[in-house]
Amino acid sequence: MAQNNTHRAIGRAVTPVGTAGRTLRGTGGAAVLGTVVIGSALLAGPAQAAPSVSPAAPAAAAQASAPAAPAPAHATSALPAGKLRWGSQGTAVEQLQTALNEHGASLSVDGKFGKLTDGAVKDFQRSHNLKVDGVVGPETRSALNGGGAAISGGGTSAPAPSNSATNSQQAIVDAARSQIGASYSWGTSNPGVSFDCSGLSSYAYAQAGIDLPRTSSQQEAAGTTISKSEAQPGDLVVWPGHLGIYAGGDTVIDAGRSPGAVTERTIWGSPTFVTFR
């Protein structure tokens, strides 16, 4: 008959084996004692928390890393239709001066077509194999616009042929008239005293802010020859070796050897007309 072993090691606990006291095995081999679960999960300590999601990068940082949008290309408005020349004023002339500056000129954009703008136009015409006349007509305008179509624009271009005068042209006529009665003296330009023909025209144009060359031949060469039907008060009336200022209608103000003074008189012969508009 089997004998129960009643010998026990001193101090060693004995786990009774029986229905009530039998050690239970849970799923996965973990020992279950009452309601206490002893397993590898408990022995390993608390489960490690899942890593937190890092906050989104600030919007400013994202913007900083994004490539900058390219700056819009500079575009110059096309010059408006209509001729521009010495004496023209307004926004159309400002557009012209801006366009000339983009082709290497160095003009003040003041909307006044004077000596410097005239010189810049002629330089542009010369460099583009255009007629060098200082007048911004269809060919010169097209070259400045890069071949683009013109747009309508503000400002005062050279007016259509008529006998009316702009402010600057009227200032030229008024200045010449103010010297009627001064004596004729070759090579002089002495207001209230004496003039020769080109001295009078130089003086009158200067009162309108326009610098002319000193001699009559130089003045004729610097301007643009036009027909009488295109002439306006303030343009020059030119004969061989002599010139005067067109006063409108059929009259000219000039300083002549005969009658030896500055007078306003009827145009004679078959002169040509020169403009700086």
Side-chain angles (χ1 to χ4, degrees), residues 63 66-162 164-172 205-206 208-213 218-236 272-277:
Q63 293 176 355
H74 176 71
T76 301
S77 298
L79 295 175
K83 288 186 177 181
L84 298 172
R85 63 181 86 195
W86 197 318
S88 298
Q89 299 183 45
T91 57
V93 177
E94 291 178 1
Q95 287 177 277
L96 168 63
Q97 291 167 332
T98 299
L100 289 169
N101 286 343
E102 292 180 352
H103 284 84
S106 182
L107 299 170
S108 297
V109 181
D110 58 8
K112 297 179 181 180
F113 197 132
K115 180 180 180 180
L116 296 180
T117 301
D118 179 73
V121 168
K122 289 178 178 177
D123 288 342
F124 177 83
Q125 291 171 328
R126 192 174 294 110
S127 66
H128 287 74
N129 297 318
L130 300 169
K131 180 181 178 181
V132 182
D133 58 5
V135 178
V136 182
E139 291 185 358
T140 301
R141 182 174 62 251
S142 178
L144 285 167
N145 286 339
I151 60 172
S152 60
T156 56
S157 61
S162 70
S164 61
T166 64
N167 290 339
S168 60
Q169 292 170 288
Q170 191 59 52
I172 294 169
Y205 269 72
I210 300 172
D211 294 327
L212 293 187
Q218 290 172 336
Q219 290 178 11
E220 180 181 3
T224 301
T225 300
I226 56 176
S227 66
K228 183 176 181 180
S229 63
E230 296 176 293
Q232 297 177 26
D235 291 337
L236 298 182
T272 58
F273 293 79
V274 172
T275 186
F276 288 87
R277 290 180 280 114

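Hydrogens, waters and symmetry mates are skipped; everything else that's a heavy atom, side chains included, is used.
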Might you work through the side-chain contact (heavy atoms from CB on, under 4.5 Å) test for D123 and V132, ending with a clear yes or no? CA-CA 8 Å; D123 288 342; V132 182; over 6 Å; no
Rounded to the nearest 0.5 Å, what's the gap from CG on L236 to CZ on F273? Could you check? 10.5 Å
Mark yes when over 12 heavy atoms from residues, nucleotides or ligands other than Q218 sit less than 6.0 Å from its CD; otherwise mark no. yes
Would you say the side chain of L100 lies within less than 4.5 Å of the side chain of L144, judging by non-hydrogen atoms? yes
Just verifying a value: how many Å separate F113 CZ and E94 CD, rounded to the nearest 0.5 Å? 14.0 Å
Compare all side-chain heavy atoms of L107 with those of V109 and state whether any distance is below 4.5 angstrom. no
First locate atom OG1 of T272, then atom CD of E220, and finally report the distance between them rounded to the nearest 0.5 Å. 5.0 Å
When every non-hydrogen atom of S168 is compared with those of A208, the smallest separation belongs to O-CB, 3.5 Å
Student check: side-chain heavy atoms of L84 and T140 closer than 4.5 Å: no
Main-chain N/O of A99 paired with E102 side-chain donor or acceptor, under 3.5 Å: no
Checking S108 against Q97: is there a side-chain donor and acceptor pair closer than 3.5 Å? no
Nearest 0.5 Å please: distance from the CD1 atom of I172 over to the CD atom of Q232. 11.0 Å
Residue pairs passing the ring pair (Phe, Tyr, Trp, His ring centres under 6.0 Å) test where at least one lies in residues 116-135, sequence neighbours excluded: H103-F124, F124-H128
Before giving the answer on side chain to side chain donor-acceptor pair (under 3.5 Å), spell out for E139 and S142 the whole-Å C-alpha distance, their side-chain angles and the decisive distance to 0.1 Å. CA-CA 5 Å; E139 291 185 358; S142 178; over 6 Å; no
Say you draw a straight line from CZ of R141 to CD of Q95; how long is it, rounded to the nearest 0.5 Å? 11.5 Å
I'd like to know if K115 pairs up with D118 as an ion pair, taking the criterion as any Lys NZ or Arg NE/NH1/NH2 lying under 4.0 Å from an Asp or Glu carboxylate oxygen. no
Is there a donor-acceptor pair under 3.5 Å between the side chain of Q219 and the backbone N or O of P213? yes
Where is the tightest heavy-atom contact between D235 and V274, given as atom of each residue plus distance? CB-O, 3.4 Å
If you compare all heavy atoms of T224 against all heavy atoms of V135, which two are closest, and at what distance to 0.1 Å? OG1-CG2, 3.7 Å
Write down the atom of K112, the atom of D110, and the distance for their closest heavy-atom approach. N-OD1, 3.0 Å
To the nearest 0.5 Å, what is the distance between OG (S106) and CG (L116)? 9.5 Å
